[in-house]
Number of protein chains: 2
Amino acid sequence: MELGDRRPTLEDVAQLARVSRSTVSRVVTGSPRVSPHVRARVERAAGDLGYLPHAAARALAGRRDDTVAVVVVAGEREFAEDPYYGRLVSGVVDAAQEAGVRVRIQRTDEAYLADVPALSGSARFAGTVLVNVPHQLAGEVTFRDPRHMVSLGRSADPIAYANPDNVAGARTATTHLLAAGRSRIGMVAGPSDNSCSTGRALGYQSVLTAAGLRPYVVFADFTAPGAAAAAEGLLHARPDLDALFVASDLMAAGVLQTLAARGIRVPDDVAVVGFDDSVPARCTAPALTTVTHPVEQIAAWATLTSVSGAQPGSARIFPTALVVRGSST
Amino acid sequence: MELGDRRPTLEDVAQLARVSRSTVSRVVTGSPRVSPHVRARVERAAGDLGYLPHAAARALAGRRDDTVAVVVVAGEREFAEDPYYGRLVSGVVDAAQEAGVRVRIQRTDEAYLADVPALSGSARFAGTVLVNVPHQLAGEVTFRDPRHMVSLGRSADPIAYANPDNVAGARTATTHLLAAGRSRIGMVAGPSDNSCSTGRALGYQSVLTAAGLRPYVVFADFTAPGAAAAAEGLLHARPDLDALFVASDLMAAGVLQTLAARGIRVPDDVAVVGFDDSVPARCTAPALTTVTHPVEQIAAWATLTSVSGAQPGSARIFPTALVVRGSST
DNA sequence: GCGCGATATGGGAGCGCTCCCAGAGCAAGA
DNA sequence: TCTTGCTCTGGGAGCGCTCCCATATCGCGC
């Protein structure tokens, strides 16, 4: 058994166990068509040699890849700072582990989305999870069967997508503000081309309209400073607001800073409700009332579904719930 | 050119461009030994066919992999919630993009660290970044040349590592509290087996000791609730504390909650300084004084260094700086 | 005791690429 | 004109595996 510093291969294990390469392959892939006696011998030999299958060779010979690709469209700073992405990555990584696949992650700015296929190594991934990939550009990253792609954050027509129930969550949040006696309720939304953001705006608007009140939405960019500036503008245009619904907790943290800087008390003068139930919601003073949704679970579902194959165009909507804290009561 | 729904291969491009496979290979890998005329023809054919190189075949034939593996030892919840990991992932992902390599991410609990090699697909990675991998276990994940591994968060003897200057950062923070007139300064540290945590505790202790004061450290687990509980215990043992240095901002947010619940005013009764300068530091009220360090840059350095190869055992220490906000003044 | 199907094992082909070496083509010097 | 020395191109081998088919082996019923 002359290995040099070469890693052991199937062939080496086969030689040591005195069986053929094929038999070793059957053992390591868990095929049942091996006699227990031979199986044990092979397992022993593999263990002794410290054999580990070569992923690239498998992918090549088996015409498949055991990797889930995650493509996130977001700014560098946004990706680094918004707790949403940390939770998302965590959900994907853990689901993949469970499913026995590896995770490859890529972030890109919208302008460079077309480069993604070339950059991603172009393997035939077991699954692909698209995050915030704009509808019209989803085709550009279709480097695989659409059945094995799932979109998050924006719906991308021909492929499956998953989202929290943004509309219902926003309705609950807005209804809660109404029930707390607020009637001049503004909203700081996220980007207008993101379906999470628009869904939340829609829910908010529908409740206000049904109550005979006038909705007032400003759009920001899912960052705290962006939201702070947007809130500034909103407050300037409508100084009489008594409540603010904000499309993410990170943004809400920015809004709270604007309010504090203006000496506006929360919740006394203005009540604030966020969305996400992420870490910032629990750090602010007062703590944020927010809409909770299972980011990690959504990410896990997307991961597993992309691997097992989804009905293209199907959608999975996850429930939301209101968490009432000090910022609205 | 009969392709079926097969993806185009080098051979297909070669046929269309009327050259050999080798020549196409030279063109796509950017070898200079191709005449401009042929190069142009091949590039055109590749473009027409939408050719993308097959990563697995490359890795197999070229006996190398263009992937950086990231192994994070952290609890599921910790990984999802601590903004540190989001920034870390962001830094790695962007550096890898720049270096033209892909990123594979894995998280594991300490108990399962031994499974990592089997789970990671066992390729010969271009580089490996180990995060919080305990010293004595680093060997277990050595599925590649130690020259191509970089450790973060804990030093792992035979391989290179990078860290913020935890000792200096903690010294600065503690000195700042002293200068602000505080003298009964406690510390809530992270886990005692994490070199970031111990470095911070060391810096704190050295300053207090030099000033003739008695240090008081409790260890927690880098989570907000853990820190809140630890602070509770600390306050119980030393009710006269007038300042608290906390080893991370996320933990400091938990500590602030404990203080608020006990009716202790910040900074009037107790000043608080955190570490990391992450999102929670900017969300609390008052905002946290904290020690800033370039997490994304450290992660990027680790990524690039793991790929290019490091001196095993070498260490790179990144500077820290104090950011003074309301929680300490 | 012979044939039959079922089960276990071996070996060839080939996945798409890179590496290496051989050969073709060309310019310039003897 | 014939070499010498280059640059450019082609083709074979082989990376480590999976798939498929051929063959060996066994047990069982008649």
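By convention in this document, chain letters (A, B, ...) are assigned in the order of the sequence lines, proteins followed by strands, and residues within each chain are numbered from 1.
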Next item on the list: Evaluate the side-chain contact (heavy atoms from CB on, under 4.5 Å) criterion for residues A:R6 and A:D12: first the C-alpha distance (whole Å), next the side-chain angles of each, then the deciding distance (0.1 Å), finally the verdict.
Entry: CA-CA 10 Å; A:R6 210 178 90 243; A:D12 298 320; 2.6 Å; yes
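- Taking atom CZ on B:R63 and atom P on D:dA13, their separation rounds to 15 Å, with Å as the unit.
- Annotation: the terminal axes of the helix from C:dG1-D:dC30 to C:dA30-D:dT1 meet at 60°, where each axis is the rotation carrying the C1' atoms of four end pairs onto the next four (5 pairs per end, rounded to 10°).
- Using a 3.5 Å distance cut-off with no hydrogens or angles, the side chains of A:R316 and A:T305 do not pair a donor with an acceptor.
- The side chain to side chain contact (heavy atoms under 4.5 Å, CB included) search around B:E98 returns none, not counting sequence neighbours.
- Residues forming a side chain to side chain contact (heavy atoms under 4.5 Å, CB included) with B:T303 (at least two apart in sequence, or on another chain): B:V68, B:V92, B:A95, B:A96, B:V129.
- With sequence neighbours excluded, the residues forming a side chain to side chain contact (heavy atoms under 4.5 Å, CB included) with B:A57 are A:L60, B:H54, listed by chain and number.
- Residues meeting the side-chain hydrogen bond (donor to acceptor under 3.5 Å, both in side chains) test with B:R87, sequence neighbours left out: B:E296.
- Scored by the side chain to side chain contact (heavy atoms under 4.5 Å, CB included) test, B:N163 finds B:Y161, B:N166, B:S195, B:C196, B:I317 as partners (sequence neighbours excluded).
- At a threshold of 4.0 angstrom between heavy atoms, the contacts of A:S22 include nucleobase atoms, whether or not backbone atoms are also involved.
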Show me the side-chain donor-acceptor pairs of residues 16-23 of chain A shorter than 3.5 Å, one per line, residues at least two apart or across chains.
from, atom 1, to, atom 2, distance (Å)
A:S20, OG, A:S22, N, 3.3
A:S20, OG, A:T23, N, 3.3
A:S20, OG, A:T23, OG1, 3.3
A:R21, NE, A:E11, OE1, 3.3

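- The ring pair (Phe, Tyr, Trp, His ring centres under 6.0 Å) pairs that include a residue from residues 81-105 of chain A are A:F79-A:Y85, where partners are two or more places apart or lie in different chains.
- Within the structure, a side-chain polar atom (N or O) of A:S20 is placed less than 4.0 Å from OP1 or OP2 of C:dG10.
- Judged by atom type and distance alone, B:R6 does not reach the base of C:dG16 through any side-chain donor-acceptor pair under 3.5 Å.
- Distances shown here put every side-chain N or O of B:R64 at or beyond 4.0 Å from the OP1 or OP2 atom of C:dC17.
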Any N/O pairs under 3.5 Å between the protein and nucleotides 21-24 of chain D? List them or say none.
none

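- Between the side chain of A:R21 and the base of D:dT18 there is at least one donor-acceptor pair of N/O atoms closer than 3.5 Å.
- B:D48 pairs by the side-chain hydrogen bond (donor to acceptor under 3.5 Å, both in side chains) definition with nothing, not counting sequence neighbours.
- A search for side-chain hydrogen bond (donor to acceptor under 3.5 Å, both in side chains) contacts involving A:E76 returns nothing, not counting sequence neighbours.
- Annotation: proximity of residues 29-37 of chain B to DNA chain D (heavy atom, distance under 4.0 Å) is found for B:R33, B:V34, B:S35, numbered in ascending order.
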